[in-house]
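Letters go in sequence order (proteins before strands), and every chain restarts at 1.
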2 protein chains.
Amino acid sequence: MKTLQTLPLNQILQGDCIEMMNSLPEKSVDLIFADPPYNLQLGGDLHRPNNTKVDACDDHWDQFDSFKAYDDFSKAWLKAARRILKDDGTIWVIGSYHNIFRVGVTLQDLGYWMLNDVIWRKTNPMPNFRGRRFTNAHETMIWCSKSEKAKYNFNYEAMKAFNDDVQMRSDWLLPICNGGERLKDDAGQKAHPTQKPESLLYRVIMASSKPGDVVLDPFFGTGTTGAVAKKLGRNFIGLERETDYIKVAEKRIKAIKGTVDTSLLTTPAKRQAPRIPFGTLLERGLLEPGTTLTDIKGRYQAKVRADGTLSAANFRGSIHQVGARVQNAQACNGWTFWHMEKAGNRVCIDELREQVRAEMAS
Amino acid sequence: MKTLQTLPLNQILQGDCIEMMNSLPEKSVDLIFADPPYNLQLGGDLHRPNNTKVDACDDHWDQFDSFKAYDDFSKAWLKAARRILKDDGTIWVIGSYHNIFRVGVTLQDLGYWMLNDVIWRKTNPMPNFRGRRFTNAHETMIWCSKSEKAKYNFNYEAMKAFNDDVQMRSDWLLPICNGGERLKDDAGQKAHPTQKPESLLYRVIMASSKPGDVVLDPFFGTGTTGAVAKKLGRNFIGLERETDYIKVAEKRIKAIKGTVDTSLLTTPAKRQAPRIPFGTLLERGLLEPGTTLTDIKGRYQAKVRADGTLSAANFRGSIHQVGARVQNAQACNGWTFWHMEKAGNRVCIDELREQVRAEMAS
DNA sequence: CCTTAGGTTGAATCCGCTT
DNA sequence: CAAGCGGATTCAACCTAAG
């Protein structure tokens, strides 16, 4: 394939992303966002407790024979990406624990310079239905410049303003893509198994590019990168193999007016009210397993367990449940009911919670 | 160095961690927590805006010539760790973007099986003074079993109880170690550059070990792993090279009272409860042959037979088989699916089983 | 028009003992 | 050792239908 003389802006190019990137002029792209196959290694079917089957991502493009095969693939496309990236451009790659460590090593070995790893914390992840692991509630993005000395672009002030005037952190809380934003095919099924939310791309593009820049996505899918680039006044180039995805993406992007949807600014910025589980007091050493708690008069007693529950005679449960049970009441606010002995006085455990909140606010 | 016959429990062993691990008997350790050197490639000194110098992690043990050297080091210690780990044990490794990707690949290449990556979100991270990147507000832990098929230990119920009865997620919000918890040397300087908070280890040890287990930390430092292990009724083995750290750690751990009543340290799981055959309910007169059971909505029906099976139209079998068949589902937990009429209400038969279990316990 | 109840769904390396 | 089967396991958000 011969090298193109001019950049094919705001288009989706069909084909293998490595060949396509090799056909583009070198040092011509300001920003690359890549959502490569994760190489999930799934076993059999997975059912929810209500017996419905989870619609797994088992597409052919996500299958690799070995770690070696995946690494070879990563090296090939990241090398091609590096050639077309401007010297002061940056690249983002997203992945999960299945693949992100291998991608990270490949990035480092090719000479990219890591600026941050950024955690996308999901407000609404899929639970762990079998109770065998922690809920897999995040994905990881790696953000790199082309080399250690590169003068990359980072819109620090914009990110800070975006984040209520405190520095944007490396962990971002955003919902997964569902509801009206989730693209469906003619049969009403999801058009792509792993469509990313626009809010995620909004922050990426806002942080690391300028209006008029060229943003390239080598695994374009249904075109979230292109859609947000257009909304934010950037040019995009999408590379994609599958005809079905391209059709959906073209229709999607065509429908977008180049103006900013301000809802994207407000929705993700909402701050979480910090909930403090009782167990937090234990792991922070403010209480110890085995401590005896009483009500303010000392009439009722319970012992603190290491898992953050309480034990009373023949009963075990949360501070609220046990508080209700010992009083023979319907309900109880355990935070205000239970007290601990401290220097001869009874101190309400809610004071300990206040202490934790104060630490978290600082 | 010859192989020790018995495990040196609740001690700190001085020396190179690879040699020390090789001297321990194989498959003898339940849990490994490792905080290896980070290979921070800091060019020049970092200064705060007020021109004070940041006390960066520049100790001699934290310098490596190249990625290759770091990978060789990782491979060596993770291989030694693998030998001493029990087949159903697990390992945690913590790191930042400087090293965690390389550690992750080494883990995978050695045959460890990733269970989760867990993000430690810091409530109070060091800001990015230069405003050139996102605030580096997290570190990453990788949790692995020894192999894909291993029957590792995960205290799911304890973690859920700890988190106010919702599944524990893969992102943990915890403060960094400072204040009174931060150990100081005689000159009032921090005794270790990267002391981890006890809260972090509390969750790790609670989640993935049992009271009485052996927890090994090959980069023991000032002994956070040992301190928390002791508090939670686990045995520890600490490996450390530096005499100064060992002194601090020994003093620290000696001052800790070991725990308490181990019944307060474990959360019983339903999975471990004694199995009660459905027929037991008949034997004990809690149900009678001929009783009609329904699902909670009353849509499906079956009759109880004297042999402890159920009869539905044209089908007979266990409570699970019949529950699955009537719903046309792959599988069904009959205990939670089937209900009986009692004083005008539908009562789940699982309550009858609970009654039997309570009787058996007393 | 509203509220509420019920159903659906999401990048998932998701069981273990007995025969 | 493979097959069989008992039975343990879910959270937030959105959609639709019913009231």
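- If you take atom C1' in D:dG6 and the same atom in C:dA12, they sit 24 Å apart, rounded to whole Å.
- Within 4.0 Å (heavy atoms only), A:Pro197 reaches no atom of the nucleic acid at all.
- At a threshold of 4.0 angstrom between heavy atoms, the contacts of B:Arg353 are confined to the sugar-phosphate backbone, with no base atom among them.
- Checking D:dC11, D:dA13, C:dA11 against the side-chain heavy atoms of A:Thr123 singles out D:dA13 as nearest.
- Heavy atoms of A:Asn136 sit under 4.0 angstrom from primed sugar atoms or phosphate atoms, though from no base atom.
- Comparing C:dC15, D:dC14, C:dA11 against the side chain of A:Arg130 picks out C:dC15 as the nearest.
- Contact annotation for B:Pro277: no contact, since no heavy-atom pair falls under 4.0 Å across all strands.
- Using a 4.0 Å heavy-atom cutoff across all strands shown, A:Thr135 reaches no nucleic acid atom at all.
- Counting any heavy atom pair closer than 4.0 Å across all strands shown, A:Asn178 reaches sugar-phosphate atoms only and no base atom.
- Closest approach to the A:Leu46 side chain among D:dT9, C:dC14, D:dG7 is made by C:dC14 (side chain taken as heavy atoms from C-beta onward).
- With B:Thr294 as the partner, the side-chain hydrogen bond (donor to acceptor under 3.5 Å, both in side chains) test is satisfied by one option alone out of B:Arg299, B:Arg346, B:Glu341: B:Arg346.
- Note on B:Ala331: a base of the nucleic acid sits closer than 4.0 angstrom, heavy atoms only.
- In this model, a donor atom of one side chain and an acceptor atom of the other lie less than 3.5 Å apart for A:Asn99 and A:Tyr70.
- A donor-acceptor contact under 3.5 Å links the side chain of A:Arg48 to the base of C:dG10.
- You'll find that the side chain of A:Asp35 is closest to C:dA11, out of C:dA11, C:dG16, D:dG7.
- Note on B:Gln272: nothing from the nucleic acid sits closer than 4.0 angstrom, heavy atoms only.
- The closest donor-acceptor contact from the side chain of A:Asp185 to the backbone of A:Ala187 lies under 3.5 Å.
- Note on A:Thr194: a base of the nucleic acid sits closer than 4.0 angstrom, heavy atoms only.
- Here C:dT4 sits opposite D:dA17 as a Watson-Crick or G-U wobble pair (both hydrogen-bonding atom distances under 3.5 Å).
- Along DNA chain C, the nucleotide nearest A:His98 and the nucleotide nearest B:Lys297 are compared for position; the residue whose nucleotide lies closer to the 5' end is B:Lys297.
- The nucleotide whose nearest atom lies closest to any side-chain atom of B:Trp335 is, among D:dA8, D:dC11, C:dC14, D:dA8.
- Interface remark: the A:Lys122 side chain does not form any donor-acceptor pair with the C:dA11 base, using a distance-only criterion of under 3.5 Å.
- Contact record, B:Ala331 with A:Asn51: O-ND2, 2.7 Å, taken as the closest heavy-atom pair.
- Set against C:dA11, C:dC15, D:dC11, the side chain of A:Arg132 has C:dC15 as its closest nucleotide.
- Computed from coordinates, the A:His47 NE2 to C:dT8 P distance equals 14 Å when rounded to whole Å.
- Partner of A:Phe33 under the side-chain contact (heavy atoms from CB on, under 4.5 Å) criterion, chosen from A:Leu216, A:Thr224, A:Ile94: A:Ile94.
- Of the candidates C:dG16, C:dA11, D:dT9, C:dG16 carries the atom nearest the B:Lys151 side chain, counting heavy atoms from C-beta on.
- Pairing each heavy atom of B:Lys160 with each of B:Gln167, the nearest pair is CG-N, 4.0 Å.
- Figure legend. C:dC14 is base-paired to no nucleotide; pairs are counted as Watson-Crick or G-U wobble with both atom distances under 3.5 Å.
- Using a 4.0 Å heavy-atom distance criterion, B:Gly334 is classed as making no nucleic acid contact.
- Each of C:dA11, D:dT10, C:dG16 was ranked by its minimum atom distance to the side chain of A:Asn50; first place goes to D:dT10.
- Nucleic acid contact for B:Lys160: sugar-phosphate only, since backbone atoms but no base atoms lie under 4.0 Å from a heavy atom of the residue.
- Although no hydrogens or angles enter the test, the distance criterion places a donor-acceptor pair under 3.5 Å between the side chain of A:Arg252 and the main chain of A:Thr222.
- Side chain of A:Ala56, nearest nucleotide from C:dG10, C:dA12, C:dA11: C:dA12.
- A:Cys177 comes within contact range of no nucleotide atom at all, as no heavy-atom separation falls under 4.0 Å.
- You'll find that the side chain of B:Arg275 is closest to D:dG7, out of D:dG7, D:dA8, D:dC11.
- Residue B:Glu148 is classed as having no contact, given no heavy-atom separation below 4.0 Å to the nucleic acid.
- Phosphate proximity of D:dC5 to B:His320: absent, as no side-chain N or O sits under 4.0 Å from OP1 or OP2.
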